[in-house]
Structures are given as C-alpha cells and as structure tokens.
Amino acid sequence: MIPVGPLELGIAGFLVLLTGICAHLLRLGISRSIAIAAVRTVAQLLLIGLVLKALFASTNAVFIGLLSLLMLAIAGREVLARQHRRLKGWWGYGIGTTSMFLSSFTVTILALQVIIAPDPWYTPQYAIPLLGMLLGNTMTGVSLGLDRLTEGAWERRGVIEARLMLGEDWNEAIGNIRRQSIRSGIMPIINSMAAAGVVSLPGMMTGQILAGASPVHAVNYQILIMFLISAGTLLGTMGAVWMGSRRLFDHRQRLRLDRLHRP
Amino acid sequence: MSLLRIEQLRPCIFRKTLSFELESGESIGLTGASGCGKSLLLRAIVDLDEHEGEVLLDEVPRADFSAPEWRRTVGLLPPESRWWKESAGAHLRTPETAPLDALGLEPSILKQAIAELSSGERQRLALARLLANNQPRVLLLDEPTANLDALNTQRIEALVAAYRHDTGAGIIWVSHDLAQLQRVSDRQYRIEAGKLHAIEEPGQ
C-alpha cells in the first residue's frame, strides 16, 4: 500500500480549512464545529492508532476487554448527547448503553466465535475494528430511535393520553410512536445496504482494496459486516426504544413526561 | 353504598384535599374559574397524573383494578377529542352500538376521514366512542358542549340523561355554564382555592 504521511494529510487538511472558511463567509455558524470535529478526528485517530499498535503486540484479553468497555462508555455518552429530550437521571445514559452493550457485544462475540473464528477469538485485529463498526452504527440507530421516541411522545401526548383514557394499556397507547421510532432508527442501515456497491462503496471494503486485498475477498467481508451491522442495529434500536417507552409510563400506566429533560 | 368515593384526593396544584361521594345514577355539576383545577380533578380521578388520595368504586380501592380496567370503568371525556386512525369508525370497537342518531350524526360519518369532520362533529363522536367502547359506570365530562350550538348541546344533555337513567351510571359534569349544570346535575359545586363549595341557590 502507498503510505500516506504528514504532507499528504496536510493537503487533505487544507480542504477542510477551505470548507471552514467558506462556512464562515456564508455565516453558516458551523466553522467552530468543523474545526473542533477536525481536531478531534486527528487526535482520536492518532491516539487509537497508538493504542491498537500496543494492543496488537500483546493480545491481552483484559486490556481488550477494558478498551471495549471504554468504547461502549463513549458511545453511550454520544447517544445521550444527541437526545433533544433525554430521560432524566441514569436512565438516559443507561438505556442507550445497555441496549448497545446487549446488541453490539452479542453480535460481535457471535461473529468472532462462530463466523470469523480467529485464534484466540478475541484477537484484537478482528475484535476491535468489528466491535467499533457495530458500536458506531448501533449508536446511530439507538440515538435516532430514542430521540424520535421522546420527541414523538412529547408532541403527541394528547393522543397517548386519549388512548389511555379509553382504557388502552401503555403498550398500545404508544405503539404507533414506538414503531415509527424503530423504523427511523434502522432506516440508515437499510439505506446503506440498499445503496452498497451501487451508490456508495463502503469504507471498510475500500480500505481493504486500497491495502491490496482482492476485491472479491473485500466484498465478502463487507457483506458479512453489513449483515452484522443490520442485525446489531435492529436489536439495539428495538431494545432501546422498548426500554425507553416503558420508562415513559409508571406502574399505574400514567404518561410521565416529567421524566424527560426540557431541551 | 356509594358508587364512587373520593377520599382525601389532592391533584398536584391543590393545597387541600377533596373528599366527596357519588351515588349510582347521581349527577354532580362542577364549575369554577379557568385554571382552578377542574380538569386536574377529573384527571386525578381517572389516574392520569401523580397525586395523593384514594378513589373507590363500589368501595373497592382503585389499586385493585388494573389501570386500563379502571379507566374503562371510570371514563373521562376530555374537552378536546383526539384521533389517531384514518376514519372515525376505526376508533370504535362496535360501530353499530354507537349512539349516532341521538347525537344527530349520520352512520356514513364513520367512513369519513377524521380531517374532514368539523370540530363539533368530532366532539359528539368522542362521546359516542366513549359510551360505545367502554360503557363506563362513571362518566366524567369535561365541558362536553363547550363548542356546540344549542341543538347539539341539547342532544348531548339528553343522551347523557338517558344513559344515566338506563345504566345507573354516575356523572360528574364540568361546565362554565351554571344554568346547564342545574339542568343536568343533582348537586352543584364551585371549586375555589382548591376547595369544593356547594352552590345552594339557583342562579347564584
């Protein structure tokens, strides 16, 4: 593979700088966000590069486990940060993080043990990128789903309460909103599965091809990843939206919007 | 034995607790300034908000009913009707039992899209939906005729009176119109500073 060094990165960085300047001139109010995001990309990726380098050299199960949990904790924080009206207390963080843990970790472990089966199964070259891709996509699904759920419950509380007043249980009363929330959570992954290879060349596959792998080999891996991601996202989004919707009602099946933060 | 007994109920904005009883076939009228808590009181009875106090039906505490069961038995008609399916008919479990005729509505209205109905039609349909779906034993009416003309107001009053007579249901009727309350209820109260004051003389 042709290596990319500081000079090449500098040229690409110049494009980001131009974007930032344009955004500033057009008064889009996002130049600051662009700058922060670009700096975060550089810092986070350099850091993870170093961490992975150390990790790959050792194959220490405890170290890999800790890194996985750290990734989960950060994904949980990101989910929380994207909620317009998030659940109060630990619930806001807990629901997103628990559902991502259950879905991403289960699917990753299944893939490592049964499908890819490296030796040992937690070999970091496989485990960490796989978990990262799953967490990243599940995170999108979970945050979209939860955001849509809490926003929908807020906007349509009149309908939810009218349904409760007519004697429906909480599950029926919020059923429509919950279905819509799950749909919007998994829509991005359905879109990317449908567009894969036709509209877009997925990043992982592109990376493998750039690194010199045969396209057929890269494509097989990409299909595997896509399937894992869609299963993980669906599981995670359904879990999070279901737990979130349950939390919106108390033991007497009253709609408890006071459990949401004001935006 | 009273049908509905309200004991030490305190909806969230009330400073004092309220206690009263409703007999089978009896109707109570409630009035009071806007924001005095009439709607909150009804919401507390059907258990939509957190509050202190106890409500008993036939001396059975509310906690012995599941929440949906309680709300089907003690039915609240809110001032604004809400709809979530395409047509009115889709909201009715047994459309043939809906008292449409008594409310001056044609059966064909059930096939129409909700968006095509006037607010008055929706308001009347909401009462039909509540009665037909649940046959509540206690009916809590929150300004059921607020936006209706005289004829339709009269239809609602007559329908509720017939329902009360036929089923022995208890009624709590909230309205700003004291003359209406005197037509439709046996006792009238005014809510003031979180307390119930009996209205003794007609027209007071």
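Proteins get letters first, then strands, A, B, ... in listed order; numbering begins at 1 in each.
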What would the table of donor-acceptor pairs between chain A and chain B look like if you include every N and O pair under 3.5 Å, whether backbone or side chain?
residue, atom, partner, partner atom, Å
Glu161(A), OE1, Arg43(B), NH1, 2.8
Glu161(A), OE1, Arg43(B), NH2, 3.1
Glu161(A), OE2, Arg43(B), NH2, 2.9
Leu166(A), O, Asn134(B), ND2, 3.0
Gly167(A), O, Arg72(B), NH1, 2.7
Arg252(A), O, Arg71(B), NH2, 3.0
Arg252(A), NE, Asp47(B), OD2, 3.1
Arg252(A), NH1, Phe65(B), O, 3.1
Arg252(A), NH2, Arg62(B), O, 3.3
Arg252(A), NH2, Phe65(B), O, 3.3
Gln253(A), O, Arg71(B), NH1, 3.2
Gln253(A), O, Arg71(B), NH2, 3.2
Arg254(A), NH1, Asp47(B), OD1, 2.6
Arg254(A), NH1, Asp49(B), O, 3.4
Arg256(A), NH2, Glu50(B), OE1, 3.0

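- Qualifying ring-ring contact (aromatic ring centres under 6.0 Å, His included) partners for Tyr221(A), counting only residues two or more places apart in sequence or in other chains: His217(A).
- Remark: Ile190(A) engages Ile186(A) in a side chain to side chain contact (heavy atoms under 4.5 Å, CB included) (not counting sequence neighbours).
- Not one N or O on the side chain of Thr97(A) forms a donor-acceptor pair closer than 3.5 Å with the backbone of Gly94(A).
- Evaluation of the salt bridge (Lys or Arg N to Asp or Glu O under 4.0 Å) rule for Arg40(A) yields Glu78(A) as partners, not counting sequence neighbours.
- Using modelled atom types, one side-chain atom of Ser245(A) and one backbone atom of Trp242(A) make a donor-acceptor pair closer than 3.5 Å.
- The closest donor-acceptor contact from the side chain of Ser184(A) to the backbone of Ser181(A) lies under 3.5 Å.
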